[in-house]
Amino acid sequence: MPPWTEPRATPPGQRLVDEVPVRHYGRVPSVDARTWTLSITGDTASGEDTHIDYEQLVALGETDVVADLHCVSKVTGQDLRWRGVLARAVVDLAPPADGVEHALVVAEYGYAATLRVEDLSSPRALLALALDGAPLAPERGGPVRLVVPHLYSFKGPKWLREICYTSTPERGFWEERGYHLVGDAWREERYAYQE
């Protein structure tokens, strides 16, 4: 059984907090869900880019996921109630080409994080639209942010705009600044020197 399915489990080196602090680099963008779009680009199976708007994303089917949020700064918020679309549904809609194992997930202002497609396709990875029953607030990444519960939260960009499949991993914003390419919280993969 994967460790993230154990009740009340906390990754090593993390401490619990009652409320996860809001952290981001730079200012909070103003993104309207009515004009928001997601592009799936790069090494796609079809060789074409796919673009979907907010309504098309929601039409893929919403689900609830109760998951923790692990910050690389060693704090964890437990049992957050996310609502959104499973990232797997987007991967199924516009899959990567055969043999492509990586994605650069891009957000507003060019912020990006590298992910393995297997992590993006995790059964609990979510394009979150709501938190605790309310639409996702801008400072929490609204209208859409990626949540990958078994990875540190820097792997789940706020204000998501693009999933770009790549044949080799490309370092995103924090990875270029010395953070781990994978970022598995359960393995304490915080820094690049651990790769």
Side-chain angles (χ1 to χ4, degrees), residues 1-38 52-91 93 105-109 111-113 115 119-163 173-174 183-186 190:
M1 176 184 299
W4 61 85
T5 61
E6 296 174 18
R8 308 298 298 168
T10 304
Q14 297 293 108
R15 66 179 173 82
L16 295 178
V17 294
D18 291 331
E19 186 173 331
V20 179
V22 176
R23 293 189 173 132
H24 49 267
Y25 184 86
R27 62 188 169 92
V28 174
S30 177
V31 181
D32 189 333
R34 294 172 296 185
T35 58
W36 176 90
T37 58
L38 176 68
I52 59 173
D53 63 25
Y54 192 86
E55 287 183 12
Q56 291 167 321
L57 177 67
V58 171
L60 294 175
E62 290 184 75
T63 191
D64 294 317
V65 173
V66 176
D68 301 342
L69 190 65
H70 311 294
C71 183
V72 76
S73 68
K74 301 185 179 184
V75 298
T76 289
Q78 284 191 320
D79 297 333
L80 301 172
R81 298 186 181 283
W82 302 97
R83 181 160 187 80
V85 176
L86 292 174
R88 174 82 239 173
V90 174
V91 172
L93 175 71
V105 183
V106 183
E108 290 290 325
Y109 306 138
Y111 177 90
L115 286 171
D119 290 319
L120 188 60
S121 301
S122 163
R124 291 169 34 88
L126 189 72
L127 275 68
L129 312 174
L131 176 61
D132 292 331
L136 206 55
E139 63 273 8
R140 292 280 184 197
V144 181
R145 81 169 288 171
L146 179 62
V147 174
V148 187
H150 64 282
L151 302 181
Y152 289 117
S153 59
F154 76 91
K155 293 295 186 172
K158 299 176 178 181
W159 317 298
L160 183 64
R161 286 300 194 152
E162 180 182 5
I163 297 170
F173 183 87
W174 289 113
D184 189 316
W186 296 95
R190 286 186 173 86

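This chain uses plain numbering: 1 for the first residue, then up along the sequence. Worth knowing before you read on, the calculation uses all heavy atoms, side chains too, and leaves out hydrogens, waters and symmetry mates.
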Original post:
Should Arg161 and Val31 count as side-chain neighbours, where that means a heavy-atom distance under 4.5 Å?
Top reply: yes
**OP:** Give a yes or no on whether the backbone of Gly77 and the side-chain of Gln14 come within a donor-acceptor separation of less than 3.5 Å.
**Re:** no
Subject >> Over all atoms of both residues, closest heavy-atom pair of Lys74 and Arg190 >> reply: CG-NH2, 3.2 Å
Subject >> Shortest non-hydrogen contact between Pro123 and Leu86, atoms and distance >> reply: O-CD2, 3.5 Å
Original post:
Would Leu146 and Leu120 satisfy side-chain contact (heavy atoms from CB on, under 4.5 Å), going step by step from the backbone distance to the final call?
Top reply: CA-CA 9 Å; Leu146 179 62; Leu120 188 60; 4.0 Å; yes
**OP:** State the CZ-OG distance between Arg15 and Ser73, to the nearest 0.5 angstrom.
**Re:** 7.5 Å
Original post:
Does Leu127 reach the side chain of Leu160, with side-chain heavy atoms less than 4.5 Å apart?
Top reply: yes
Original post:
Under 4.5 Å between any side-chain heavy atoms of Asp184 and Leu151, yes or no?
Top reply: yes
Original post:
Should the pair Trp186 and His70 be assigned to parallel (<30°), tilted (30 to 60°) or perpendicular (>60°) ring geometry?
Top reply: perpendicular
Original post:
Between Gly141 and Leu136, what is the shortest heavy-atom contact and its length?
Top reply: C-CD2, 3.9 Å
**OP:** Applying side-chain contact (heavy atoms from CB on, under 4.5 Å), run through Leu126 and Val85 and close with a yes or a no.
**Re:** CA-CA 6 Å; Leu126 189 72; Val85 176; 5.6 Å; no
**OP:** Taking the side chain as every heavy atom from C-beta outward, state whether Glu62 and Leu129 have any atom pair closer than 4.5 Å.
**Re:** yes
Original post:
Which residues pass the side-chain contact (heavy atoms from CB on, under 4.5 Å) test with Ala67, sequence neighbours left out?
Top reply: Val65, Trp82, Arg124, Pro149
Subject >> Val144 versus Tyr54, closest heavy-atom pair with distance >> reply: CG2-CE1, 3.9 Å
**OP:** Apply side-chain contact (heavy atoms from CB on, under 4.5 Å) to Asp32 and list each qualifying residue two or more places apart in sequence or on a separate chain.
**Re:** Arg34, Thr35
**OP:** Just do the side-chain contact (heavy atoms from CB on, under 4.5 Å) check on Tyr111 and Lys158 with the steps written out, would you?
**Re:** CA-CA 9 Å; Tyr111 177 90; Lys158 299 176 178 181; over 6 Å; no
**OP:** Specify the closest pair of heavy atoms between Asp68 and Gln78, including all atoms of both residues, with the distance to one decimal.
**Re:** OD1-CA, 3.0 Å
Original post:
Does Ile52 reach the side chain of Thr37, with side-chain heavy atoms less than 4.5 Å apart?
Top reply: no
**OP:** Decide yes or no on side-chain contact (heavy atoms from CB on, under 4.5 Å) for Trp36 and Leu57, but give the supporting numbers first.
**Re:** CA-CA 10 Å; Trp36 176 90; Leu57 177 67; 3.8 Å; yes
**OP:** Identify the residue among Asp64, Asp132, Thr63 that makes a side chain to side chain donor-acceptor pair (under 3.5 Å) with Arg83.
**Re:** Asp64
**OP:** Please name the pair of heavy atoms, one in Ala128 and one in Val147, separated by the smallest distance, quoted to 0.1 Å.
**Re:** CB-CG2, 3.9 Å
**OP:** Please check if the side chain of Arg145 supplies one atom and the backbone of Gly156 the other of a donor-acceptor pair under 3.5 Å.
**Re:** yes
